[in-house]
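Within every chain, numbering begins at 1; the chains are lettered A, B, ... in the order of the sequence lines, protein sequences first and strands thereafter.
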Protein chains: 2
Amino acid sequence: MATEADVLDRTFHALADPSRRSIVVQLTTGPASVSALAAPLKMSLPAVIQHIEVLQKSGIVYSEKVGRVRTCRLEPAPMQAVEHWIAQHRQVWEGRLDRLGDVLNTTYRRIP
Amino acid sequence: MATEADVLDRTFHALADPSRRSIVVQLTTGPASVSALAAPLKMSLPAVIQHIEVLQKSGIVYSEKVGRVRTCRLEPAPMQAVEHWIAQHRQVWEGRLDRLGDVLNTTYRRIP
DNA sequence: CAAATACTTAAGTAGTTACCTAAGTATTTG
DNA sequence: CAAATACTTAGGTAACTACTTAAGTATTTG
């Protein structure tokens with residue numbers, strides 16, 4: 001089974017490459033074939049396929065082949081996991097800053 | 001100058017490693033020294049320093065040395081950039097799904 | 001001032017990544 | 001059915017990653 005950490009590892013890794021992010025952005029406008037995704041990228045088709053595989057392993061992209069055309073589309077869950085992870089920790093961090101004065105007061109009061 | 005794409009590249013890459021994410025989580029509870037960050041991790045101190053360097057290059061972490069102690073703390077901007085990037089494209093994607101019926105109608109009407 | 005502390009630097013290694021070119025395999029289409 | 005299309009697989013390479021151990025350098029502390 002893929003743990004939550006594995007999903008975050010693979011999703012953050014998948015999104016760490018500008019070519020892969022541009023594939024994701026393209027897919028936000030709707031499903032697309034492998035060659036349609038490859039068209040704007042300045043690299044070989046096999047290179048694009050490898051990028052799509054990285055996106056698929058993260059779960060961000062799902063694809064199905066019909067005839068000779070493979071159609072790719074986005075899956076929301078992994079991106080939501082990433083967004084949730086960031087939001088969660090940003091909240092703690094921001095909350096901590098908001099209460100910095102209180103924390104200092106508490107700390108000073110604690111010293112006997 | 002670091003472009004927006006560079007910031008996203010480096011921030012997504014920095015967060016793609018579980019040890020680095022655990023350093024970030026530790027830092028959400030407040031600034032910490034290098035050895036304090038290293039303590040819960042099962043690896044050598046130089047390895048931890050290398051992880052901190054990756055976090056610093058992304059801008060997620062900032063550090064200052066006073067005496068022989070280096071204190072690390074979080075910087076919010078890069079994580080906000082990532083959160084913004086995801087939210088922005090998720091919005092497009094979700095909007096597209098919401099209007100799927102309309103789009104299909106429009107497409108059919110366009111055929112002469 | 002010697003010893004302990006808190007990093008820091010250097011150098012090496014096994015594994016991964018991001019490409020490439022060349023040569024496939026199915027699936028349409030004329 | 002021959003040719004074009006849309007991938008797919010295989011194999012190679014240069015660069016990068018995530019560690020390691022060993023040997024530093026400052027800075028406190030007893």
**Q** Does D/dC7 have a Watson-Crick or wobble partner in any strand here, with both distances under 3.5 angstrom, and which is it?
**A** C/dG24
**Q** Round to the nearest Å and state the distance from B/D17 atom CG to D/dA18 atom P.
**A** 5 Å
**Q** Tell me which nucleotide among C/dC7, C/dC19, D/dC7 gets nearest to the side chain of A/S19.
**A** C/dC19
**Q** Reckon B/A47 touches a base, only the sugar-phosphate, or nothing at all at heavy-atom distances under 4.0 Å?
**A** base
**Q** Answer yes if B/L8 and A/L15 sit in the same cluster of Ile, Leu, Val, Met, Phe, Trp and Tyr residues linked by side chain heavy atoms under 4.5 Å apart, and no otherwise.
**A** yes
**Q** Mind calculating the distance between CD1 (A/I49) and P (D/dT5) to the nearest angstrom?
**A** 17 Å
**Q** When you measure from the side-chain N and O atoms of A/S33 to the phosphate of D/dC7, is any distance below 4.0 Å, counting only OP1 and OP2?
**A** yes
**Q** For C/dT13, give the paired nucleotide (Watson-Crick: N1-N3 plus N6-O4 or O6-N4; G-U: N1-O2 and O6-N3; both under 3.5 Å), or none.
**A** D/dA18
**Q** Of all heavy-atom pairs between A/A81 and A/E4, which one has the smallest distance, and what is that distance?
**A** CB-OE2, 4.0 Å
**Q** Are the side chain of B/R21 and the backbone of A/A5 linked by a donor-acceptor contact shorter than 3.5 Å?
**A** yes
**Q** By nearest nucleotide on DNA chain C, pick out whichever of A/V54 and A/K65 is the more 5' one.
**A** A/V54
**Q** Counting any heavy atom closer than 4.0 Å, what does A/S44 reach on the DNA or RNA strands: base, sugar-phosphate only, or nothing?
**A** base
**Q** What does C/dC1 pair with, Watson-Crick or G-U, if both distances are under 3.5 Å?
**A** D/dG30
**Q** Quick check: on DNA chain C, is the nucleotide nearest A/H13 upstream (toward 5') of the one nearest A/M43, or the reverse? Name the residue that is more 5'.
**A** A/H13
**Q** Can you measure B/L45 atom CG to D/dA18 atom P for me and round it to whole angstrom units?
**A** 17 Å
**Q** To the nearest Å, how far apart are B/L41 CG and D/dA18 P?
**A** 14 Å
**Q** Quick check on C/dA6: is either OP1 or OP2 less than 4.0 Å from any side-chain nitrogen or oxygen of B/S35?
**A** no
**Q** Whole angstroms only, please: what is the CD-C1' distance between A/Q50 and D/dA14?
**A** 14 Å
**Q** Rounded to the Å, how far apart are A/R70 CZ and D/dT5 C1'?
**A** 16 Å
**Q** Angle class for the A/F12/A/W85 ring planes (parallel below 30°, perpendicular above 60°, tilted otherwise)?
**A** perpendicular
**Q** May I have the distance from B/E64 (atom CD) to D/dT27 (atom P), rounded to whole angstrom?
**A** 15 Å
**Q** Any side-chain N or O of B/H51 below 4.0 angstrom from OP1/OP2 of D/dC19?
**A** yes
**Q** Under 4.0 Å between a side-chain nitrogen and a carboxylate oxygen: does that hold for A/R70 and A/E64?
**A** no
**Q** Can you check the B/I23 CD1 to D/dC19 P distance for me, whole Å?
**A** 10 Å
**Q** Would one find a side-chain N or O of A/R68 under 4.0 angstrom from OP1 or OP2 of D/dA4?
**A** no
